[in-house]
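Values in this document were obtained by computation on a predicted structure and should not be read as measured data. Lettering follows sequence order; numbering is per chain, from 1.
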Protein chains: 2
Amino acid sequence: MSDRPYHHGDLRRAILAAALDVIATDGPTGLSLRDLARRAGVSHAAPAHHFRDRTGLLTAIAAEGHGLLAAALAEAADLRDAGVRYVRFAREHPAHFQVMFSPELLRAADLELTTARALSAAALTDAIATTAPAEDGTDARLARIAVWSLAHGFATLLLGHNLDGLLGDEDPEEVLRALPMVLFPSV
Amino acid sequence: MSDRPYHHGDLRRAILAAALDVIATDGPTGLSLRDLARRAGVSHAAPAHHFRDRTGLLTAIAAEGHGLLAAALAEAADLRDAGVRYVRFAREHPAHFQVMFSPELLRAADLELTTARALSAAALTDAIATTAPAEDGTDARLARIAVWSLAHGFATLLLGHNLDGLLGDEDPEEVLRALPMVLFPSV
DNA sequence: GGGCAATCTTGTCAGTGTCAAGTTGTGGCC
DNA sequence: GGCCACAACTTGACACTGACAAGATTGCCC
């Protein structure tokens, strides 16, 4: 309508960026395709061509997120480092993280999503396998559940500002590092 | 409009029940005030009188959830039991749990919500204080973060069906009980 | 029994997601 | 170089939603 060119250039990327921005502050609920279109300076139906659906857009974000997470976990030195990297990912990509674990917003059967998810899952499994072989009879499967649960819970509570009062001005990563030791003797 | 009486009787409770039903399967996104009104057999604007807003309805659910959680945690025998009860609460009240930790859907300043939240927080703190006094220099604050993170992460992943493949047919509560021991030696 | 407040209805408005059909630009193929 | 198929985008429409305003009904309390 204005003096903008008919073709945006990289509308897909622009929409994704705007969506991440909105989700990071207002959550997936605050997302409006028409609003994203306005921000990108295109008509209200333009996003549909790239993502088909609202669900399609969120699914694309989740898939991208799993790719980023897999890359982050691939460089983990040991198991504890994997946990730290997991939380760091959640803090650096809060929108991705939130969407990745909201299954009711995603197209579960999407191929791009399922392969990306398999990738990040494998990265976590690898991090565990390389660090702690089951010398003491510890099940690798249980180890994965334990590390994943601890890191995921910490990250989720952190993003939801549920730990603000508890952490004070401490570095969350340092606190996370200390948690396993705290956990064991007391239980 | 039909032969139903003008006054519903307990519309507030009916709307809440229907909302919990919808959220448990479709998440908070799938919630529609008009749909809830239809289910209860009232006009589309009736719910507003009890909850003011969509946000008001979700805030009421979150407050109720914190009350239920506080009651469940109050009976915890020890710290590990508190974790188990936390996860059990999440499984028995998935809609409450989901809404309670979606701050962007809630009216943060709501009095009923903040007092209920303080109640559940106190219950968790109590469970920790009674069980594990800081004999070995362990910070109670860290213990709370640790137990909360582990239980919260486990519950969240469980509800999101992220552990289905890992758990098999095992009892989630038993697996959770084993996690702290798994966690310590390997990290 | 009369009024009054709580409860519920009807009507309306702007905003949204999605679909269908048309327009405009681009790259490739001869 | 010209043409054509296809991708990218627009316009228009429809049903649905949350929210608001104003009116109707009901039960309760003095």
Item checked: Any residue meeting salt bridge (Lys or Arg N to Asp or Glu O under 4.0 Å) with Glu104(B), in chain and number order, not counting sequence neighbours -> none
Note to self: If you take any heavy atom closer than 4.0 Å to DNA chain D, which residues from residues 50-58 of chain B end up in contact?
What the structure shows: Asp53(B), Arg54(B)
Notebook entry, point to check: Quick one: salt bridge (Lys or Arg N to Asp or Glu O under 4.0 Å) partners of Arg39(A), sequence neighbours excluded?
Noted result: Asp35(A)
Next item on the list: Quick one: list whatever passes salt bridge (Lys or Arg N to Asp or Glu O under 4.0 Å) with Glu75(B), sequence neighbours left out.
Entry: Arg85(B)
Notebook entry, point to check: Would you say the side chain of Glu173(A) lies within less than 4.5 Å of the side chain of Val87(A), judging by non-hydrogen atoms?
Noted result: no
Margin query: For a quick test of reading the model: is some side-chain N or O of His49(A) closer than 4.0 Å to OP1 or OP2 of dA8(D)?
Written below: yes
Next item on the list: Go through the N and O atoms of the side chain of His44(A) and the base of dG12(D), and report whether any donor-acceptor pair is under 3.5 Å.
Entry: yes
Note to self: Going by ring-ring contact (aromatic ring centres under 6.0 Å, His included), name the residues that satisfy it together with His96(A), two or more places apart in sequence or in a different chain.
What the structure shows: His93(A)
Note to self: Which residues pass the salt bridge (Lys or Arg N to Asp or Glu O under 4.0 Å) test with Arg13(A), not counting sequence neighbours?
What the structure shows: Glu64(A)
Checklist line | For Ala14(A), side-chain contact (heavy atoms from CB on, under 4.5 Å) partners two or more places apart | finding: His8(A)
Next item on the list: Under 4.0 Å from any atom of DNA chain C, heavy atoms only: list the residues of residues 22-37 of chain A that qualify, in numerical order.
Entry: Leu31(A), Ser32(A), Leu33(A), Arg34(A)
Notebook entry, point to check: Contact class for Arg12(A) vs. all strands (heavy atom < 4.0 Å): base, sugar-phosphate, or nothing?
Noted result: nothing
Check: What residues, two or more places apart in sequence or in another chain, satisfy ring-ring contact (aromatic ring centres under 6.0 Å, His included) together with Phe51(A)?
Finding: none
Check: In whole angstroms, how far is the C1' atom of dC8(C) from the CG atom of Leu11(B)?
Finding: 9 Å
Checklist line | Interatomic distance, Arg107(A) CZ vs dG17(C) C1' [rounded to whole Å] | finding: 13 Å
